[in-house]
Amino acid sequence: MTSETPAFPDDFLWGTATAAYQVEGAAAEDGRTPSIWDTFSHTPGRVLGGDTGDTACDHYHRFREDVALMAELGVDAYRFSVSWSRVQPTGRGPAVQRGLDFYRALVDELLAHGITPYLTLYHWDLPQELESPFHGGTAAGGGWPERETAYRFAEYAQAVGEALGDRVHHWTTLNEPWCSAFLGYGSGVHAPGRTEPVAALRAAHHLNLAHGLGVQALRSVLPKRAEVLVSLNPAVVRPRSQSAEDVDAARRIDALANRVFAGPMLHGRYDEDLLADVRHLTDWSFIKDGDVETAHQPLDGLGINYYTPSVVSAAPEGATEVDRADGHGNGTASPWVGAERVAFHQPPGEHTAMGWSVDPTGLGDLLHRYSEEAPGLPLYITENGAAYDDKPDAEGRFHDPERIAYLHSHLDAVARARSQGIDVRGYFLWSLLDNFEWGYGYSRRFGIVHVDFETQQRTPKASARWYAEVARTGRLPEPTAPALD
Ligand code: FCB
């Protein structure tokens with residue numbers, strides 16, 4: 001560190017984050033129907049170790065204990081997501097009271113502890129009925145590649161807005177639509193596990209449309225003071241060399257990772273180079289008149305999720321196998337539709353248990369980029385954190401110095417960006433709890449609170465203590481682990 005980290009202001013928002021399928025469990029309770037993640041995780045070979053979210057952290061039954069843990073940490077805010085198939089088990093129609101009751105109770109518990117709820121409507125768990133109907137029911141199916149799914153999302157957004165708008169004032173439409181589109185329908189390492197390049201592009205567009213329609217639907221029912229955000233996971237794409245080929249590889253990935261969503265959502269357009277790069281696959285005729293304008297809604301903030309940067313190059317001439325170490329599982333198909341010849345390289349240096357390189361400069365770069373790209377739009381870090389292979393000591397305590405060092409260096413980057421005038425208002429640590437890490441099941445632990453998945457016992461790690469100190473003082477203590485009793 002070159003100089004002392006600048007302090008955070010008193011009103012900086014300190015939060016923790018989770019997502020419905022990763023923590024709730026209670027998969028078949030109170031009328032909930034399967035989501036695409038239930039189907040996917042129950043399909044042999046899809047998730048490491050055959051793990052599923054059936055029970056996860058049992059947050060559905062233990063949310064009071066979890067809110068008490070957050071209160072003990074002294075955090076200001078909790079970012080969670082709503083399970084769509086709890087609220088609309090058939091993916092359409094009026095919301096189900098029992099499903100909404102859980103979120104009402106959770107929100108009331110948060111408010112009673114002075115913790116502000118940040119609600120995300122969609123964190124990847126599309127009702128199965130909207131992908132391929134189980135019940136032969138009313139839904140057309142087809143998932144995000146179909147336009148109808150965007151209309152269904154708007155209806156769902158409105159239903160949740162009507163039900164919870166009196167007590168939730170911070171709303172996020174989508175979490176990381178890149179993953180939904182390109183991991184769900186491109187590489188297939190996420191649900192629903194399809195490997196159809198054109199479907200991935202169609203999904204991306206319909207997610208943009210869903211976002212815009214969702215913002216409109218929310219605004220039609222929420223009080224004026226409500227704030228609406230979207231959370232993206234912009235890639236920090238670095239060319240391996242300054243050769244024209246490598247720089248062009250980086251441009252292609254930037255288009256497919258970043259501009260495909262930020263273009264419509266923040267600027268009301270798809271860039272010409274993005275459209276041209278995949279013209280051999282599609283004529284984009286699924287984009288209808290007015291769609292990009294619909295996607296381009298005024299927002300109250302941009303959520304940025306950041307973990308690690310990417311280093312890319314043009315695949316060497318004649319290569320048959322392209323290295324796909326892109327940090328999102330080892331699918332046989334590439335998520336980088338139309339850019340399959342771009343190679344991804346593992347940056348040297350430290351890595352987390354995900355194999356992701358530790359590089360806080362990427363976070364600083366993103367904050368600078370989006371503050372320039374969307375002047376006046378407040379920024380929030382809606383996810384940042386690290387998985388490590390935490391092991392208990394003889395007394396059952398968890399010392400996680402690597403995670404503390406990771407958090408320290410990334411928060412230092414946030415503080416420095418702020419001191420350079422960038423309007424970053426909050427930070428949500430991923431994650432409050434160890435949880436179901438998608439394709440990796442329970443094998444990767446991101447929590448600052450350890451979860452024993454046999455007993456459901458929660459044990460705050462040293463990083464939880466450290467983060468509590470950050471939230472209390474607005475300053476970064478030394479990245480040394482605090483003592484645990
Ligand atoms: C993000 C997801 C989140 C979690 C972290 C590690 O891509 O939004 O649910 O899995 O990665």
- Donor-acceptor contact present, side-chain Arg86 to main-chain Gly99, <3.5 Å: no
- Task: Using modelled atom types only, decide if a donor and an acceptor are shared between the side chain of Asn305 and the backbone of Glu383 within a distance under 3.5 Å.
- Result: yes
- Item | Any side-chain heavy-atom pair of Phe63 and Glu109 under 4.5 Å | yes
- Message: Less than 3.5 Å apart, any donor N or O on the side chain of Tyr270 or His205 sitting next to an acceptor on the other?
- Response: yes
- CG of Leu100 to CG of Asp30: how many Å apart, nearest 0.5 Å? 11.5 Å
- Task: Mind running salt bridge (charged side-chain N to carboxylate O under 4.0 Å, His left out) on Arg32 and Asp38 for me, showing each step along the way?
- Result: CA-CA 11 Å; Arg32 182 185 182 279; Asp38 295 84; 3.0 Å; yes
- Note on the structure: When every non-hydrogen atom of Phe182 is compared with those of Leu256, the smallest separation belongs to CE1-O, 3.8 Å
- Could you state the interatomic distance from CZ (Arg444) to CD (Glu437), rounded to the nearest 0.5 Å? 8.5 Å
- Message: Ignoring hydrogens and geometry beyond distance, is a side-chain donor-acceptor pair present between Thr382 and Ser231 at under 3.5 Å?
- Response: yes
- Message: Given 3.5 Å as the limit, does a donor-acceptor pair link the side chain of Asp452 with the main chain of Thr455, or not?
- Response: yes
- Message: Has Asn208 got a side-chain atom pairing as donor or acceptor with Val260's backbone, closer than 3.5 angstrom?
- Response: yes
- Assess the side chains of His450 and Asp400: does a donor N or O sit below 3.5 Å from an acceptor N or O? no
- Query: Got a sec, which residues hit side-chain contact (heavy atoms from CB on, under 4.5 Å) with Ala77, two or more places apart in sequence or on another chain?
  - Reply: Leu13, Thr116, Tyr118, Phe428
- Task: Please check if any side-chain donor atom of Gln88 sits under 3.5 Å from a side-chain acceptor atom of Glu129, or the reverse.
- Result: no
- Item | Pair Thr18-Gln22, side-chain donor/acceptor within less than 3.5 Å | no
- Message: Ring of Phe446, cation from Arg403 - is the NZ or CZ under 6.0 Å from the centre and inside 45° of the axis?
- Response: no
- Start with the C-alpha gap between Asp66 and Arg64, add the side-chain angles, then the distance that decides, and say whether salt bridge (charged side-chain N to carboxylate O under 4.0 Å, His left out) holds. CA-CA 5 Å; Asp66 295 336; Arg64 290 185 204 284; over 6 Å; no
- Task: Determine yes or no for a side-chain-to-main-chain donor-acceptor pair under 3.5 angstrom, with Asp365 supplying the side chain and Leu363 the backbone.
- Result: no
- Message: Test your reading of the model: is there a side-chain donor-acceptor pair from Asp359 to the backbone of Pro309, 3.5 Å cut-off?
- Response: no
- Sole residue of Arg147, Glu155, Glu148 in side-chain hydrogen bond (donor to acceptor under 3.5 Å, both in side chains) with Tyr151: Arg147
- Message: With a 3.5 Å distance limit and no angle check, can you tell me whether Asn435 reaches the backbone of Val23 through a side-chain donor-acceptor pair?
- Response: no
- Test side-chain hydrogen bond (donor to acceptor under 3.5 Å, both in side chains) on Asp300 and His170 and set out the steps. CA-CA 9 Å; Asp300 303 296; His170 301 90; over 6 Å; no
- Using the ring of each side chain (for Trp, its six-membered ring), is Trp37 parallel, tilted or perpendicular to Phe436, with breaks at 30° and 60°? perpendicular
- Heavy-atom side-chain proximity of Tyr467 to Val75 below 4.5 angstrom: yes
- Message: Test of understanding: with ring-ring contact (aromatic ring centres under 6.0 Å, His included), list the residues that count as partners of Phe261, not counting sequence neighbours.
- Response: none
- Message: Looking at Tyr156 and Ala95, would you say the former's side chain and the latter's main chain have a donor-acceptor pair under 3.5 Å?
- Response: no
- Message: Side chains of Thr55 and Asp58: any donor to acceptor distance under 3.5 Å?
- Response: no
- Query: Is there a donor-acceptor pair closer than 3.5 Å between any side-chain N or O of Asn175 and the backbone N or O of Tyr122?
  - Reply: no
- Message: Please check if the number of heavy atoms outside Arg167 that lie under 6.0 Å from its CZ is greater than 12.
- Response: yes
- Note on the structure: Rounding to 0.5 Å, atoms OG (Ser409) and CD1 (Ile404) come to a distance of 12.0 Å
- Task: Please check if any side-chain donor atom of Gln128 sits under 3.5 Å from a side-chain acceptor atom of Thr39, or the reverse.
- Result: yes
- Is the backbone of Val451 close enough, under 3.5 Å, to the side chain of Asp434 for a donor and an acceptor to pair up by distance? yes
- Listed partners of His206 passing ring-ring contact (aromatic ring centres under 6.0 Å, His included), at least two apart: none
- Query: Are side-chain N/O atoms of Glu373 and His267 paired as donor and acceptor at under 3.5 Å?
  - Reply: yes
- Message: Ignoring hydrogens, what is the shortest heavy-atom contact between Thr173 and His211? Give both atom names and the distance.
- Response: OG1-ND1, 2.7 Å
- Query: Say you draw a straight line from OH of Tyr60 to OH of Tyr103; how long is it, rounded to the nearest 0.5 Å?
  - Reply: 7.5 Å
- Task: Verify whether one side chain among Gln456 and His61 offers a donor that lies under 3.5 Å from an acceptor in the other.
- Result: no
- Any side-chain donor near an acceptor of the partner, Tyr406 and Asn384, under 3.5 Å: yes
- State, without any angle test, whether Asn233 and Tyr307 hold a side-chain donor-acceptor pair at a distance under 3.5 Å. no
- Query: How long is the gap from OH on Tyr21 to OG on Ser83, to the nearest 0.5 Å?
  - Reply: 10.0 Å
- Derivation and outcome, salt bridge (charged side-chain N to carboxylate O under 4.0 Å, His left out), residues Arg98 and Asp101: CA-CA 5 Å; Arg98 282 182 302 173; Asp101 285 347; over 6 Å; no
